[in-house]
Student: 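Okay, here's the structure, questions in a sec.
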Amino acid sequence: MTTAPRHLAAALLLALMPGAAPADPAAPSGDVDAGERLFTRCKACHSITAPDGTAVMRGGKVGPNLYGVVGRTAGTYPGFAYSAGVKQAGEAGLVWSEALIAEYVRNPTAFIDAHGGSGPAKMAFQLPSGGADVAAYLASVAPPAGEPAAGAGPAPDAPPDTPPDGAKQLPEAGSDARQP
């Protein structure tokens, strides 16, 4: 038996194993560990903080918290002043996936213009390579099934004026208080 048929036979056996799922060719193939290392460039502006305040990755507050970003509608993290373009993209239905995050970090403004928004993104940083790795890392630190992501909204029994889980009430416009 030659090498090619052996590889084909092995692939066929793996595909026929119970519980084996076919590979999704559209799914990003990022490396979580490489993404965590690359995220050190992102943490100047972004943190990853669970709703209970647990810091997964300490970072800046210039950008929105990225805990649970995969699956979040663009421009909806509470208390963050997004660019008009990001808000427009979210209103047009943009929901962050690993593939979209990988595309966004390559050129944020071009991404927004191509996905329902217009104008510059606030994020000026570009990551020409490694976006799939960062996206895989962000997906790996997502909340467990059934747990709300940071900024997912108030608990069902919370009064209507209660900020979302983990969110802090921001000062009124025009006050001198800085964003937490």
Side-chain angles (χ1 to χ4, degrees), residues 14-15 17 19-80 82-83 85-117 121-155 164-168:
L14 284 174
M17 289 177 65
D24 178 3
S29 57
D31 178 317
V32 172
D33 293 331
E36 183 175 11
R37 287 188 300 275
L38 279 169
F39 191 81
T40 60
R41 298 178 189 176
C42 308
K43 72 180 193 170
C45 297
H46 296 278
S47 65
I48 303 173
T49 306
D52 67 2
T54 303
V56 176
M57 177 75 73
R58 293 188 194 285
K61 304 245 188 255
V62 174
N65 177 9
L66 296 180
Y67 183 80
V69 68
V70 175
R72 182 189 302 160
T73 300
T76 60
Y77 185 77
F80 185 75
Y82 288 93
S83 69
V86 171
K87 289 180 192 176
Q88 291 165 353
E91 290 165 0
L94 178 67
V95 175
W96 292 114
S97 66
E98 287 183 60
L100 290 173
I101 291 169
E103 182 183 347
Y104 176 78
V105 298
R106 279 194 301 272
N107 187 333
T109 296
F111 175 90
I112 293 303
D113 288 341
H115 290 277
K122 283 187 171 184
M123 188 170 119
F125 178 77
Q126 293 184 9
L127 189 62
S129 63
D133 297 335
V134 170
Y137 171 63
L138 290 172
S140 78
V141 295
E147 179 184 314
D165 296 335
K168 295 180 180 175

Student: Of all the heavy-atom pairs spanning Ala102 and Ala132, show the shortest one and how long it is.
Tutor: CB-N, 3.6 Å

Student: Could you report the tightest heavy-atom contact between Thr49 and Tyr67, atom names first, then the distance?
Tutor: O-CB, 3.3 Å

Student: If you take all heavy atoms of Ala121 and Ser83, which pair is closest and at what distance?
Tutor: CA-OG, 3.9 Å

Student: I want to check something: taking the side chain as every heavy atom from C-beta on, are Leu100 and His115 in contact at a cut-off of under 4.5 Å?
Tutor: yes

Student: Roughly how far, to the nearest 0.5 Å, is the CD atom of Gln88 from the OH atom of Tyr82?
Tutor: 15.0 Å

Student: Please name the pair of heavy atoms, one in Ser140 and one in Val32, separated by the smallest distance, quoted to 0.1 Å.
Tutor: OG-CG1, 3.5 Å

Student: A side-chain contact here means heavy atoms from C-beta on lying under 4.5 Å apart; do Phe39 and Leu66 qualify?
Tutor: yes

Student: Could you please spell out the steps behind the side-chain contact (heavy atoms from CB on, under 4.5 Å) verdict for Val105 and Phe111?
Tutor: CA-CA 8 Å; Val105 298; Phe111 175 90; over 6 Å; no

Student: Where do Ala34 and Asp133 come nearest, in terms of heavy atoms and distance?
Tutor: CB-OD2, 3.7 Å

Student: Would the distance check show the side chain of His46 and the main-chain N or O of Asn65 forming a donor-acceptor pair, the cut-off being under 3.5 Å?
Tutor: no

Student: For Thr73 and Gly90, which heavy atoms make the closest approach, and how far apart are they?
Tutor: CG2-O, 3.6 Å

Student: Under a 4.5 Å cut-off applied to non-hydrogen side-chain atoms, are Ile48 and Tyr137 in contact?
Tutor: yes

Student: Nearest 0.5 Å please: distance from the OG1 atom of Thr109 over to the CD atom of Gln126.
Tutor: 7.5 Å

Student: About how many Å separate CG of Leu38 and CG of Asp33, when rounded to the nearest 0.5 Å?
Tutor: 11.5 Å

